[in-house]
Chemist: 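I have a structure here, written as structure tokens, and I will follow up with some questions on it.
Please read all numbers here as calculations on a predicted model, not as lab measurements. Order of the sequence lines sets the chain letters (A, B, ...), proteins ahead of strands, with each chain counted from 1. Hydrogens, waters and symmetry mates play no part in the numbers below; they use all other heavy atoms, side chains included.
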Amino acid sequence: MNARAPKGTTDMLPATARAWEYLTRTAQEMFARYGYEPVYTPLFEHTEVFTRGIGEATDIVSKEMYTFEDRSGRSLTLRPEGTASVVRSALEHTLVPQGSSIKLYYAGPMFRYERPQKGRMRQFWQIGIEILGAAEPSADAEVIVALWRFYEAVGIPASNMRLLVNSMGDEACRPAYREKVAGYIRSRAGDLCGECNRRADTNPLRAFDCKNPACAGVMAEAPLLRDELCEPCAAHYAEVKTRLDELGIPYTEEPKLVRGLDYYTRTVFEVQADAGLGSQNAIGGGGRYDRLMEAYGGKPTPGLGFALGFERTLLAMEAAGAEVPAPLLAEVYVARVDATVAGEAFAVASALRDAGVAAELDHVGRSLKSQFKQADKLGARLVVIVGPDELAAGEVTLRDMGTKEETRVALADVAGAVRRLLG
RNA sequence: GUGGGUGUAGCUCAGUUGGUUAGAGCGCCGGACUGUGGCUCCGGAGGUCGCGGGUUCGAGUCCCGUUACCCACCCCA
């Protein structure tokens, strides 16, 4: 059989899994302080949740989804992102009654059928937060600040990151702007690539993202939404920036920042890392999606949030030299002199564990010498030596690996003695 | 979907102009007088040289195909 994990997936071995748990734990602790509660939605949804939420014409929906029929013929899709599911769940359970709001966070794997490369996997992990029911600019600022602070908390210095912000307008001003850009594209059709010409009809704003140098040059002269925002959108955007300014969060306005998901309105943002990443340098991003709930048939409910990628965040952390705390696997190593005392040794290790001490012992029949090597490698501060001689007196030997001092203690008091020595 | 690069022990890699039993470091296991660690020394286990063809007296070394991984385009977290 093929023992490899499928393309674009990877096993998270202990070193990585530890980092995953660290990121999750940090998010739990931090987002709790911001008032967010956990939510777990299914890893797959009715396909419609994503086609209607993210948009039929987006790359994610049109060519990157893992869609399949179950045995009853339903069309299901492995979630390519988290927001659509959370909003669908909020609608199903009426989590946002009129006039209220709710704050949620999630963490888990997402799935997109893409060509893997640095910082891009087919199964990748995200942590995200969402606020539903909040329309005020302070909510936008809160989400952005939470994202920024999270990166700082896990050891990525501000000097290694760039925060980009923009406003995409709303239904009052964006349609007109879209047409204006589409018109601009058609007027410069000869100077733009084929893909961009098609975008005039499908998603003109994406032309701003085109990597083609010629297109970039042409689009640099295109009309900017910043100059076309309706008054409410302009005021909202201005206040978001004021909130960020007041906290000293360093951001850059990027008028060409466009998100690839159709549901975004008004505020959008992205954090890019300068070090450790390849060309996929966006380690987190998000924005406001005030019309998404309606797209699902719910009442108008403003919403916003962000998602950050585990894999990319970890790459940025490594580049910054950020350390993931390592757990203490063995404060004490229980060594047995020979097989005749295996039972007693096991009982001692169990008693230590019951007493809250990290204790390890051998299960493969190593020599006593080898057990000491193990103890040393694991960083055990103490070794409990269980041998026939000691047991004859109802005792065991305790060795301090630092000072090499050995003392005999009563078998019945091992846990107590160990705890006193460990301080 | 397109392009480039790389595939030799668990890991990181050497392998001369194709030539006898494929190497190193690290890791792992064991030992250096009898129940004891970190250093050092000695020994050992471990390899279908990605896979399949071809050229050749002979290929890890050359050619073709294929596959996997990596990176980039694209897109996004």
Chemist: If you draw a 6.0 Å radius around CZ in A:Phe346, do more than 12 non-hydrogen atoms from other residues or ligands fall strictly inside?
Modeler: no
Chemist: Using every non-hydrogen atom in the two residues, find where A:Glu142 and A:Ile131 come nearest and quote the distance to one decimal.
Modeler: OE2-CD1, 3.8 Å
Chemist: Out of B:C70, B:G38, B:A77, which has the shortest distance to the side chain of A:Ala282?
Modeler: B:A77
Chemist: Under 4.0 angstrom, heavy atoms only, what part of the nucleic acid is A:Gly128 near: base, sugar-phosphate, or nothing?
Modeler: nothing
Chemist: Using the C1' atom as the reference point in each nucleotide, state the distance between B:C42 and B:G5 in Å, no decimals.
Modeler: 42 Å
Chemist: Which nucleotide sits closest to the side chain of A:Ile385: B:U36, B:A72, B:C76?
Modeler: B:U36
Chemist: For A:Glu270, report the nucleic acid contact type (base, sugar-phosphate, nothing); a contact means any heavy atom under 4.0 Å.
Modeler: nothing
Chemist: Roughly how many Å apart are B:C28 and B:C74, using the P atom of each and rounding to a whole number?
Modeler: 45 Å
Chemist: Please say which of A:Arg266, A:Arg243, A:His236 ends up in a side-chain hydrogen bond (donor to acceptor under 3.5 Å, both in side chains) with A:Asp140.
Modeler: A:His236
Chemist: Using a 5.5 Å cut-off between ring centres and planes within 30 degrees, is A:Phe124 stacked on the base of B:A77?
Modeler: yes
Chemist: Considering only atom C1', compute the distance from B:U8 to B:U2 and round it to an integer number of Å.
Modeler: 30 Å
Chemist: When the P atoms of B:C33 and B:C71 are considered, how many whole Å apart are they?
Modeler: 50 Å
Chemist: Rounded to whole angstrom units, what separation is found between the CZ atom of A:Arg399 and the P atom of B:U36?
Modeler: 10 Å
Chemist: Does B:C73 have OP1 or OP2 under 4.0 Å away from a side-chain N or O of A:Gln117?
Modeler: yes
Chemist: Taking B:G46 as the reference, what is the distance to B:U55 when you measure between their P atoms (whole Å, please)?
Modeler: 35 Å
Chemist: When the distance from CG of A:Leu382 to C1' of B:U36 is rounded to whole Å, what number comes out?
Modeler: 14 Å
Chemist: Can you tell me if the side-chain N/O atoms of A:Lys7 get under 4.0 Å from OP1 or OP2 in B:A68?
Modeler: no
Chemist: Is A:Arg115 near enough to B:A72 that one of its side-chain N or O atoms lies under 4.0 angstrom from OP1 or OP2?
Modeler: no
Chemist: Can a side chain N or O of A:Lys369 be found less than 4.0 Å away from OP1 or OP2 on B:G37?
Modeler: yes
Chemist: Just N and O in the side chain of A:Ser279: are any of them under 4.0 Å from OP1 or OP2 of B:C71?
Modeler: no
Chemist: Within less than 4.0 Å of OP1 or OP2 of B:G30, is there a side-chain N or O belonging to A:Ser370?
Modeler: yes
Chemist: Which value, in whole Å, describes the distance between the P atoms of nucleotides B:G31 and B:A14?
Modeler: 35 Å
Chemist: Expressed in angstrom and rounded to an integer, what is the separation of A:Lys373 atom NZ from B:G30 atom C1'?
Modeler: 8 Å
Chemist: For a quick test of reading the model: is some side-chain N or O of A:Gln374 closer than 4.0 Å to OP1 or OP2 of B:C29?
Modeler: yes
Chemist: Report the distance from atom CE of A:Met121 to atom P of B:C69, rounded to the nearest whole Å.
Modeler: 9 Å
Chemist: Looking at A:Lys377, I'd like to know whether one of its side-chain N or O atoms comes within less than 4.0 Å of OP1 or OP2 on B:C28.
Modeler: yes
Chemist: Which nucleotide wins on minimum distance to the side chain of A:Gln126, given the candidates B:A77, B:C75, B:G35?
Modeler: B:A77
Chemist: Please report the distance, rounded to the nearest Å, between CZ in A:Arg122 and P in B:C70.
Modeler: 10 Å
Chemist: Mind checking if A:Glu390 touches a base, just sugar-phosphate, or nothing, with heavy atoms under 4.0 Å?
Modeler: base
Chemist: Looking at every strand, decide which applies to A:Ala307 at a 4.0 Å heavy-atom threshold: base, sugar-phosphate, or nothing.
Modeler: sugar-phosphate
Chemist: If you check the A:Met401 side chain, which of B:G35, B:A68, B:G37 turns out closest?
Modeler: B:G37
Chemist: A:Leu368 has an atom CG; how far is it from atom P of B:U34, in whole Å?
Modeler: 11 Å
Chemist: Starting at CD1 of A:Ile60 and ending at P of B:C75, how long is that distance when rounded to a whole Å?
Modeler: 12 Å
